Amino acid sequence: MSWGLVEELQRRFPEIEPFPRPEESHAEGHGPAAPARGHGETKFTHHVPGAWVPAASLLEVCRVVRDEAPFHLDYCSFVSAVDWMADGTFEVVYHLYSMTERHQMLLKVRVPRQSPRTPSVTGIWGGTNWHERETYDLFGIVFEGHPDLRRIMMTEDWHGHPLRKDYVYEEPRWLVDLATQRQREIEGLGLGERA
Amino acid sequence: MSTQPPQPPVPSRLASIAAAIDILDQLPGGNLILTKVEYLLNWGRAASLWPLTFGLACCAIEMMAAFAGRFDLDRIGVIPRATPRQADLMIVAGRCTIKMAPIVRRLWEQMPEPKYVISMGSCATCGGPFYYDNYSILKGIDQVVPVDVYVPGCPPRPEALIEGILKLQEKIKVEPFLRRTVAAQA
Amino acid sequence: MPLRTEQLMLNMGPQHPSTHGVLRLVVTLDGENIVEVQPDIGYLHSSVEKMMEYRTYLMNVALVDRGMDYIAALANEEGYLLAVERLGGIDVPARARWLRTIMLEFQRLSSHLVWLGTWGIDLGATTVFLYCFREREVILDLFEQVTGGRLHHVYFRPGGVYEDLPPGWTDRALAFCDEFPGHLQEYHDLLTGNPIFLARTQGVGVLPKDAAITMGACGPVARASGINFDVRKAFPYEAYGEVEFDIPTFEQGDCFARYLVRMEEMRQSLRIIRQAIEKLPPGEIRSKVQVTVKLPKGEVYARTESPRGDLGVYLVSSGDDMPYRVKIRAPSFSNLYALTEMMRGWKVADVIAILGSVDIVLSDVDR
């Protein structure tokens, strides 16, 4: 796979933190310490090579991995996020692929749950426009510099961000009213459905 | 359906056509003309249901299959129309989201009376597999529009949809159509 | 008095006879020319990703059938289970891998037939619809004999498939493979030489290669724009590494090229099915996997080639018997975004032709 690519990236950007390799991750105390997740003792296995990138240097890293050899990661498959509620962070995930070199890499940005903000990469991969909108809609992560950051899946007046782990579903007011009115119509006329 | 007046028993399809032709002959001399005109009208409406092609999700594919060559809904007078103004039946095929619900309601309001709704599939009927842990699917289309026939299945086979349409035809044939507006105002 | 012109906003959908599902297009027009197309999606957002976090790995198989691309349900199962099996290190017996390959290719055929039929209706050729659904019913019968379902199969399970083939099934499948090229010729006769069809598709809705990469287009849309990328070749899964097939690629990037790519893909699918039935090994069809299987902690990204393109499933497990997070990278979602690029500058009458050629499924877009 392309773990060598991540090492190359770390040589250029010392501030990034590569994922522990799958075979290393069983050995204790090797590689950068990943934060404890869940309650088990086993370590988290990363099957796709990649690295955590600080939000401040994300744009620069992205520009380098798109344009420069040996990366040429010209295709962004998706942008999404993972809600690590116990740690108080969101991980914004970018999956990148190279149509010419045929290798892939994950980039992750940790953002705090209280004020989730990260720079938008729409200027680098145009296709991430909707992916970032979706992440904003479902997680509430604000992508700074996005040209059109609106809700995409839910309606504009929706409360909350549904894919957060602490989201509580709330029926929209108009729907409750409409359903109640329909119920009253049926009961009041005593005519059944075809009143 | 508790308040409907007693109606002639519903015969089978071939027998109903024969009965209707029979009524046509009897019309000039008959003295039960109201009921019989009603029956004739109901027969006409039941035999030419024009549904609104309104596919929401997976069930729409089975609905398309029902319109295609093998199952051929045309043979029972069901011809899809693309606009609600020309339709008298809405087949809600598939799950309906809360975002889509006002549009379903508006389309139903745009259809001219008399109009009928078939809820096709579990999702349109009650939420189906999307009932639990879900934040965006409407738990049953009957929260928004009145439903005449529920077709179960996930998705229902085309045969099931045809059965639903036949059931709706039976329902239409025994409907107090001309007196219905009076009953509603009472 | 000078003639005053202004831009017109035209709303198409969500209920529109020619949109493939509940899609709303806000088209900005200057006269008859399209200035901008802004798709408005989310009318079928069924919160699959949230629901999957509350269901076990086995239950989710039934959910991905319905919640994602419903025209190609088996392709969803494959994408999801590939992620589960990679993360859990679950072994799949050889016979199950070949069975999956056969089923996936039949699924591709049936999905492309739905696309061709509905696109035919969009372009005013209703006959194609009836022809395509005639052949599709034969495929659905073949499916039904194996899986018991027409649309939603729940046939693939963690570690294999649910049931073996019924007796005589391979003969019926091969008989279909023998007669299908003749039907494919019928579609070609109906469309490929049809001057009206050519006028409406050739050179219309061009997506250049570099734009296709930037916009994230995938699958047949990308291959029609000259990107020679197919997950079946680049990251072979199941038995795709052991069968011979070609990746049709065209340079034009217009509607007609997208049509030709899919027509050729159908021929290649037949090739794969024939080889797979020939090489189908005997043996187990399912390895022993617990019903409430617990996966080790970790994350994985599995890519498959669904009929619509590069279907990816990003699965995060926290060591529980339910996924911690599933992100479905839907091919239609990216292709629909590329639509904004394809439509720019064309006439309003071309909207439907271009939209149909992309082959989107709104359930796949919204999930």
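Each chain gets a letter, A, B and so on, in the order its sequence line appears, and its residues count up from 1. Not measured: the values here are computed from a predicted model. These values consider heavy atoms only, across backbone and side chains, with no hydrogens, waters or symmetry-generated copies.
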Which portion of [X] sits near chain C, non-hydrogen atoms under 4.5 angstrom:
X	result
Pro84(B)	side chain
Arg70(B)	side chain
Cys154(B)	both
Ile103(B)	side chain

Check each atom of [X] against the heavy atoms of chain B and say whether the ones under 4.5 Å are side chain, backbone, both or neither.
X	answer
Leu44(C)	both
Val361(C)	neither
Arg66(C)	both
Glu144(C)	side chain
Tyr54(C)	both
Asp364(C)	neither

For the student: nearest non-hydrogen atoms of [X] and [Y], plus distance:
X	Y	result
Ile137(B)	Ser46(C)	CD1-CB, 3.6 Å
Phe130(B)	Val48(C)	CE2-CG2, 4.2 Å
Arg95(B)	Gly67(C)	NH2-O, 3.6 Å
Glu62(B)	Leu151(C)	CG-CD1, 3.7 Å

Taking the side chain as everything from C-beta on, heavy atoms only, tell me whether [X] gets closer than 4.5 Å to [Y].
X	Y	answer
Arg150(C)	Arg157(B)	yes
Asp133(B)	Glu53(C)	no
Tyr132(B)	Arg55(C)	yes

In terms of heavy-atom pairs under 4.5 Å with chain B, the winner among Ile71(C), Asp141(C), Thr118(C) is Asp141(C)
Looking only at Ile61(B), Ile98(B), Val104(B), the option with the highest number of non-hydrogen pairs under 4.5 Å against chain C is Ile61(B)
Ranked by heavy-atom pairs below 4.5 Å to chain C, first place among Pro129(B), Gly69(B), Ala57(B), Ala68(B) goes to Ala57(B)
Strictly below 4.0 Å, N to O, side chains only: are Asp366(C) and Lys99(B) in salt-bridge contact?
no
Output for pair (Phe129(C) CZ, Phe67(B) CZ), nearest 0.5 Å, gives 9.0 Å
NE2 of His45(C) to OH of Tyr135(B), rounded to nearest 0.5 Å, is 3.0 Å
